[in-house]
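What follows is one structure encoded as structure tokens, with my remarks underneath.
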Amino acid sequence: MGRIPMGGMEPTVQAYAGALPLGVRGINFTTDINPYPNGSPFEVRWYLTRTPGVQTRQKNGQECACIIADIDNEQP
Amino acid sequence: MPIKVSRYPSEYSVEPHAIMWRMISSYTTCIYESEDDLDFYEGASFTMGNACQFSLRKYKGHPQNTCTLYLPSEIIDVKEIIGFVSEIVSALCIPGYAIAWRRGVRFEYGKLDRPSNDRLRESEARILALKIASQQQDRYASTEFIKNSVPKYFPLSSIDLMPSEPRYPEPHWEQIVRNVISHKSNPRGPFALGYATRTREGLQVTDAGIGYLNSIGFFCD
């Protein structure tokens, strides 16, 4: 799930591309939704209005972009 | 085209368009720490000419010794992006072999190798020597000091660490740095261009040298 980034135009899910290195905190996830084709080898983004399959959600009164994903590993 | 660098994080949304196998400190002393919805990062914000703004960032999760070039999200035309990236790479004096990926080139998510031909060459070492000496007292640095400092600015590759044939077992990169200081008459070198004067043990950066480093965004505006 992602908010509107600072200076951004719309809610965006942002993530590193690839699996988390061993020992690094974070969440590994996979999704069938293709990211918007403006990423890099290190980063992926899903925009609420520009990326097919992205859904809208409300969190703390803010509109967020949301993608359905399988979470493989959540570290404390 | 001259580049100015700001002390403060950019306030615009950005997107990644090139990745260099270099530290941000290779390009500027004006580095801040910040965070956004992706993660914490080190960054530097630049303006090229009067219009083109860009940033270099290294997010916490990016591989060591890399930095990513970001342009404002409002620039969406791929041809325009590729043009800006080329101009910025040229203005920051980033050698082509340092670029591990740039917009328009296919890539695989989560995977990026350092270019196999990436190593320290004399053209890059000349600018590094100026950058290192310019931060010292009286803008002076000995060859030995420059050699000791280079690894803080340049990630040495396996090719760099191979022994130099004529000066075995000195590593190849050290010979490259030594050549910068000893090749005084090289027309593209810092002495011939007036950016530095040769001293007994190294070099001293001139006002023209500082002006040059300012023009490529090395010091804070």
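In what follows, chains carry the letters A, B, and so on, assigned in the order in which the sequence lines appear, proteins first and then strands, with residues in each chain numbered from 1.
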Honestly, the part of B:Y109 sitting under 4.5 Å from a heavy atom of chain A is both
Residue from B:V14, B:I19, B:L112 scoring the most non-hydrogen pairs under 4.5 Å with chain A is B:I19
Applying a strict 4.5 Å limit to non-hydrogen atoms, the region of B:V78 in contact with chain A is neither
Of A:Q14, A:E43, A:R45, the largest count of non-hydrogen pairs under 4.5 angstrom with chain B goes to A:E43
Given B:D39, B:T68, B:D36, the one with more heavy-atom pairs under 4.5 angstrom with chain A than any other is B:D39
If one checks every heavy atom of B:R102 against chain A at 4.5 Å, the contacting part turns out to be neither
Quiz item: Under 4.0 Å between a Lys/Arg side-chain N and an Asp/Glu carboxylate O for B:E170 and B:R178?
Solution: yes
The interface call for A:Y47 against chain B, heavy-atom contacts under 4.5 Å, is side chain
Any Lys/Arg nitrogen of B:R22 or B:D118 sitting under 4.0 Å from an Asp/Glu carboxylate oxygen of the other? yes
Residue from A:G2, A:G7, A:S40 scoring the most non-hydrogen pairs under 4.5 Å with chain B is A:S40
field: Side-chain ion pair, A:R50 and A:E10, N-O less than 4.0 Å
entry: yes
Q. Does a salt bridge link B:E124 with B:R126, judged by any charged N lying under 4.0 Å from a carboxylate O?
A. no
Interface check, chain B: of A:A19, A:G18, A:P5, A:A17, most non-hydrogen pairs under 4.5 Å belong to A:A17
Looking only at B:G61, B:A100, B:S10, most heavy-atom pairs under 4.5 Å shared with chain A are made by B:G61
When the 4.5 angstrom heavy-atom criterion is applied to B:T66 and chain A, the contacting part is side chain
Output yes when B:E42 and B:K58 qualify as a salt bridge under the 4.0 Å nitrogen-oxygen rule, no when they do not.
no
Test side-chain hydrogen bond (donor to acceptor under 3.5 Å, both in side chains), reference B:S45, set B:Y70, B:Y32, B:Y8, output is B:Y32
Does a salt bridge link B:K147 with B:E144, judged by any charged N lying under 4.0 Å from a carboxylate O? yes
Check: Does B:R121 make a cation-pi contact with B:Y97 (under 6.0 Å, within 45 degrees of the axis)?
Finding: yes
Applying a strict 4.5 Å limit to non-hydrogen atoms, the region of B:E108 in contact with chain A is backbone
